[in-house]
Amino acid sequence: MSEGVILGELAEIPPGESKGYRPENEAQDHLFVVRLTASKVVAYRNSCPHMGYESAPMAWRRDRYLDGSKQYIKCGSHGALFTLNSGECIQGPCEGQFLTPEKVTVDSNGELIWWPQS
Amino acid sequence: MNIIGPDELVFGVDDVQACCQYMTDYGLIPVNVDASGGRFEGLDGTAVVIKHRDDASLPAALPTGSMLRETVYGVADQATLDAIEAELSKDREVGKATSGKLTTVDDSGFALGFQVTCRKPFEGKNEQVNSPGYEASRGPNQIGADTSYDIVPASLSHVVYFVPDGKKAESFYIDRLGFKVVDRFTQLGPFLRPSGTLDHHTLFIIETPPHMQGCEHFTFHLAGPNELLLAGKRFQDKGYESFWGPGRHIFGSNYFWYFNSPMGVHVEYDADMDLHDDSWVPREAVAEADASQIFNFTLAANWMPGGDPH
Ligand code: FES
Ligand SMILES: [Fe+2]
């Protein structure tokens with residue numbers, strides 16, 4: 001049974017925006033969280049499924065994982081677009097493939113807890 | 001065909017403000033930039049142009065949604081432009097803008113422009129190295145670690161396409177426009193040099209499944225490896241996401257450092273590329289890590305070993 005890891009405060013992410021996390025002080029983000037509404041978040045591994053580029057980092061700048069409309073996750077490598085809710089690529093070189101979901105919850109203190117899958 | 005290389009890359013983007021900020025932070029000089037986009041120039045006037053993807057002046061997008069909308073080549077003179085018009089008019093529509101620029105598409109569907117080059121003379125910076133056993137190129141009291149200036153990329157170097165049919169794509173540039181194959185990665189494609197430059201490549205073509213068609217990256221030349229390392233560090237310190245490098249390629253010998261971008265392409269800094277002429281015999285290698293680069297580093301934070309011992 002894995003333990004939850006505190007990532008930070010939900011309040012650090014403005015609604016509709018994204019933020020990357022390095023829970024083990026990695027050189028680049030391990031996962032990122034998108035705050036969909038005041039209280040709802042989704043999270044994915046920072047690893048693009050583009051064939052030949054697997055594990056490529058996706059932000060184009062620190063914490064910037066979304067497209068201009070903020071309706072999609074956008075890969076900063078070749079522009080693949082992924083839905084916020086399911087992580088499915090709907091346009092670009094990995095169309096039809098999915099981001100790897102990560103389980104992140106918000107606790108009663110407003111803290112983001114990451115539950116690593118073994 | 002005296003084609004010199006790319007003069008301009010035109011992008012139609014979803015987030016104009018982000019892309020304009022990005023190209024400015026990369027170091028290019030903003031020209032006529034407003035909320036609708038603008039032009040970002042290197043020292044020689046070659047440029048990246050950012051527009052909103054719905055801008056009516058843009059050529060049609062590729063079906064894959066790639067944000068690269070036009071590659072504009074600079075040619076030596078009007079006679080070259082006339083020769084290109086005559087050649088390409090044989091089997092495709094060639095338009096002419098009021099500026100005299102020719103517009104058409106290549107055999108993969110990438111929109112192309114051709115114009116008498118916008119490249120202008122500029123004063124470059126010569127990165128001078130003191131090598132033992134060789135006459136010093138930096139004399140006494142000349143400082144090498146100069147961080148006192150803003151680095152402006154000098155010249156648009158090359159663009160890299162993902163294409164669905166590699167043979168068809170390269171034939172167009174070789175047979176119709178006189179590009180030469182300089183080197184080749186067996187399972188990817190060729191590095192191509194037009195006849196108006198000695199640069200190792202201005203175009204690299206990578207064959208992929210059709211739904212991946214688009215642009216892998218573009219780059220501007222910097223003055224040298226020291227400038228590349230400093231520019232890349234400054235860019236990363238601004239929060240931009242390093243994708244690969246700094247390192248040094250084998251084909252072309254260019255130092256490289258690639259970053260993610262909001263245009264959905266990698267943007268490279270490159271420096272110190274090899275020159276080739278028609279006497280060169282192309283090399284071919286299987287594309288793998290050790291054939292692609294002689295070394296690849298990751299930037300580490302500055303530190304002071306020993307700290308302050310007092
Ligand atoms: S690595 Fe993400 S789109 Fe290519
Ligand atoms: Fe390159």
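Note on naming: letters A, B, ... go to the chains in the order of the sequence lines (proteins, then strands), and numbering restarts at 1 for each one.
Heavy atoms from other residues, nucleotides or ligands lying under 6.0 Å from OH of A:Y72 number 12 at most. Other residues, nucleotides and ligands contribute at most 12 non-hydrogen atoms within 6.0 Å of the CG atom of B:D150. Enclosure of atom CG in B:D54 by more than 12 non-hydrogen atoms of other residues, nucleotides or ligands within 6.0 angstrom is indicated.
Between A:H50 and B:F162, the two ring planes are perpendicular [angle over 60°; tilted spans 30° to 60°].
Residues of residues 10-19 of chain B that come closer than 4.5 Å to chain A, counting heavy atoms only, are B:D14, B:D15, B:A18, ordered by residue number. When the heavy atoms of residues 97-112 of chain A are compared with those of chain B, none of the residues falls under 4.5 Å.
One finds the OG atom of B:S66 at 10.0 Å from the NE2 atom of A:H78 (value rounded to the nearest 0.5 Å). Here CD of A:Q91 is found 7.5 Å from OG1 of B:T64. Values are rounded to the nearest 0.5 Å. To the nearest 0.5 Å, atom CD of residue B:E241 and atom OG of residue A:S77 are 8.5 Å apart.
Residues A:P57 and B:S242 approach most closely at CG-O, 4.1 Å, considering heavy atoms. Counting all heavy atoms, side chain and backbone alike, B:S261 lies closest to A:W60 at C-CB, 3.4 Å.
A heavy-atom distance below 4.5 Å is found between the side chains of A:Y53 and B:F243.
Of the options A:R61, A:R64, A:R62, a side chain to side chain donor-acceptor pair (under 3.5 Å) to B:Y240 is made by A:R61 and by none of the others.
Contact count versus chain B (heavy atoms, under 4.5 Å) is highest, among A:C94, A:P93, A:A27, for A:P93. If you tally non-hydrogen atom pairs under 4.5 Å between each of A:A59, A:G79, A:G76, A:G68 and chain B, the highest count goes to A:G76.
Legend: residues meeting side chain to side chain contact (heavy atoms under 4.5 Å, CB included) with B:P209, ordered by chain and number and at least two apart, are A:M51, B:H211, B:M212.
Listed for the A:K74 side chain is no donor-acceptor partner under 3.5 Å among the backbone atoms of B:G264.
Heavy atoms of B:E216 lying under 4.5 Å from chain A belong to its backbone as well as its side chain.
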Distance-only check: which donor-acceptor pairs under 3.5 Å involve side-chain atoms of residues 286-296 of chain B, not counting sequence neighbours?
residue, atom, partner, partner atom, Å
B:Q293, OE1, B:W244, NE1, 2.6
B:Q293, NE2, B:A289, O, 3.1
B:N296, OD1, B:G245, N, 3.2

